[in-house]
J.: 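Provided herewith is a single structure, encoded as structure tokens, for subsequent inquiry.
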There are 2 protein chains.
Amino acid sequence: MPKVVDPEERRQEIAEAVFRVARRDGLELASLRNVAEEAGLAIGSVRHYFAGQADIMNFAMNLFALRAGKRLLARAAGLRVPGPDAPPAAHVATLEAMFAEVLPIDAERREEAEVWLAFTTSARTRSELAPLALEMHDDLRRVIGRVLTGAAGVGVLRPGLDPDEEAGRTHALIDGMTLHAILQPDRLGPSGLAAMLRRHVCAITTVRAEELPPLPE
Amino acid sequence: MPKVVDPEERRQEIAEAVFRVARRDGLELASLRNVAEEAGLAIGSVRHYFAGQADIMNFAMNLFALRAGKRLLARAAGLRVPGPDAPPAAHVATLEAMFAEVLPIDAERREEAEVWLAFTTSARTRSELAPLALEMHDDLRRVIGRVLTGAAGVGVLRPGLDPDEEAGRTHALIDGMTLHAILQPDRLGPSGLAAMLRRHVCAITTVRAEELPPLPE
DNA sequence: AACAAGGTAGCACGTCCGTGCTATAAAAGG
DNA sequence: CCTTTTATAGCACGGACGTGCTACCTTGTT
């Protein structure tokens, strides 16, 4: 055998090359050749780890969904949720932080969102990617639903609003904000995202902006 | 000369073939050959009307932006805006109808939205399409801003909300709803769109759902 | 020392791509 | 009738694509 190499690790390196090409040039240019060059490998080497181009795409999107899901769950677990008798502002601040986690406010999350958009839009015409796109969609929706249901449970959701219905609206808003931030960053930058999120959070809760911690920047 | 043909009309027919291919297979498959076949023409015939593939794309996206803009303005002009002393519900109903105009609730607007998404996302990596994508973005934002400013003028905007800031949020929400309706139609169909729009409209105005005309369907 | 196995690399083929260029058919003007 | 103009069509080339297949090199085992 040649050099000792963890095959799984190599596959992930190649998938990361896919992410870079997709962000820079678009997913349609993530050809075997371009990906191999981006990864610094020969085309034959890449093919040693994947059955074909479709296999690379499936693996890459699976890896992406896995990482994004893990990161979201880890962050959700990391956020210490206030006790039931904490002031409303504390609950809403946690809720806001959770939503901020999936918005492209910093470079890392922006890169992630760019890859997400590339995959999720191309899944419309590449049916083999559709199940994963739907799964990511439902996962995010579920997280948002849980957060809002929790908010309703401690009474910080604005009266008259249904947690489930508001989850749908907030989900659409978050993805719309992400879309704008990625496609028209001149019109919606990180600070704009934060401000808009705060406005939305105040609109659906009983807490006013002054009660929340000041926006960074 | 051969058959009498209006060149501009032919170009539009070819552009419409681009739209169909983009919706069915994705914009990356809108090659000269595929478009020619879709239009029922020989590849050489298509090239008689366009300098090259990039020329086709530019023309198609220009035509799309032109038509979409025209349709939006025509609809805006067609909506009879209530007098200043009309009941609040009438103003809000008009506002809701205007927003519904850009949501993919019927087949025609769904097709339009699919093409819009294809163009606007590909503009991220095709710099020659970027100016047009930005123009469409700003146009829609401007229309929303005007509608909300008008609503504030007649006092139906919920107190404490800034028309301009709310225009940004509504814009993001509308594009997010469009994204969801196109990519995950099982999760957000036409009736879901209408219901979500109504909920948002009620959330940002002083009018309650019961005061508005019942939702179709 | 001989061998097996896995990593790396690349050739070769058929397909699709955009494009330069040419050929034919049909209508309008002299 | 003949020329000019324009629509339509197609050939041919170079390049990028995915993929079947082979060759070589490096390492661990017998």
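Below, chains carry the letters A, B, ... as their sequence lines are ordered, and counting in each starts from 1.
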J.: Quick check on dT8(D): is either OP1 or OP2 less than 4.0 Å from any side-chain nitrogen or oxygen of Tyr49(B)?
T.: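 Yes.
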J.: Pairs in or reaching into residues 102-122 of chain A: which pass ring-ring contact (aromatic ring centres under 6.0 Å, His included), with residues at least two apart or in two chains?
T.: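 For residues 102-122 of chain A, and leaving out neighbouring residues, there are no ring-ring contact (aromatic ring centres under 6.0 Å, His included) pairs at all.
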J.: Output every pair passing side chain to side chain donor-acceptor pair (under 3.5 Å) with a member in residues 99-109 of chain B, not counting sequence neighbours, ordered by first then second residue.
T.: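 For residues 99-109 of chain B: Arg71(B)-Glu101(B), Arg75(B)-Glu101(B), Glu101(B)-Arg109(B), Asp106(B)-Arg109(B).
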J.: For His48(B) and dA7(D), is the shortest distance between a side-chain N/O and OP1 or OP2 below 4.0 Å?
T.: yes
J.: By the side chain to side chain donor-acceptor pair (under 3.5 Å) test, which pairs, at least two apart or in different chains, include something from residues 19-33 of chain A?
T.: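 Non-adjacent pairs meeting side chain to side chain donor-acceptor pair (under 3.5 Å): Arg20(A)-Glu38(A), Arg23(A)-Glu114(A), Arg24(A)-Glu38(A), Ser31(A)-Asn34(A).
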J.: Quick one: list whatever passes side-chain hydrogen bond (donor to acceptor under 3.5 Å, both in side chains) with Arg124(A), sequence neighbours left out.
T.: none
J.: Near DNA chain C, counting only heavy atoms under 4.0 Å, which residues of residues 118-129 of chain B show up?
T.: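 Contacting residues: none.
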J.: Would you please name every residue forming a side chain to side chain contact (heavy atoms under 4.5 Å, CB included) with Thr121(A), sequence neighbours left out?
T.: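 With sequence neighbours excluded, Thr121(A) shows a side chain to side chain contact (heavy atoms under 4.5 Å, CB included) to Leu117(A), Leu117(B), Thr121(B), Leu183(B), given in chain and number order.
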J.: Checking His91(B) against Leu95(B) for the side chain to side chain contact (heavy atoms under 4.5 Å, CB included) test, could you report, in this order, the C-alpha distance in whole Å, the side-chain angles of both residues, the deciding distance, and whether it holds?
T.: CA-CA 6 Å; His91(B) 287 106; Leu95(B) 172 150; over 6 Å; no
J.: I need a per-nucleotide contact map over nucleotides 9-22 of chain C, read 5' to 3'. Cutoff is protein heavy atoms under 4.0 Å; write B for the base, S for backbone only, - otherwise.
T.: BB------BBBBB-
J.: Show me the side-chain donor-acceptor pairs of residues 59-67 of chain A shorter than 3.5 Å, one per line, residues at least two apart or across chains.
T.:
{"from": "Asn62(A)", "atom 1": "ND2", "to": "Asn58(A)", "atom 2": "O", "distance (Å)": "3.0"}
{"from": "Arg67(A)", "atom 1": "NH1", "to": "Glu16(A)", "atom 2": "OE2", "distance (Å)": "3.1"}
{"from": "Arg67(A)", "atom 1": "NH2", "to": "Gln12(A)", "atom 2": "OE1", "distance (Å)": "3.0"}
{"from": "Arg67(A)", "atom 1": "NH2", "to": "Glu16(A)", "atom 2": "OE2", "distance (Å)": "2.8"}

J.: Restricting to salt bridge (Lys or Arg N to Asp or Glu O under 4.0 Å), what partner residues turn up for Glu13(A), sequence neighbours left out?
T.: Arg10(A)
J.: Output all residues satisfying side chain to side chain contact (heavy atoms under 4.5 Å, CB included) with Asp164(B), sequence neighbours left out; order by chain, then residue number.
T.: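 Per chain and number, Asp164(B) pairs via side chain to side chain contact (heavy atoms under 4.5 Å, CB included) with Asp162(B).
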J.: For His137(B), which residues count as a ring-ring contact (aromatic ring centres under 6.0 Å, His included) partner, sequence neighbours excluded?
T.: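 So His137(B) forms a ring-ring contact (aromatic ring centres under 6.0 Å, His included) with His180(A), His171(B).
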J.: Any residue in residues 17-26 of chain B with a heavy atom nearer than 4.0 angstrom to DNA chain C? Just list them by number, or reply none.
T.: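 Per residue number, the list is empty: none.
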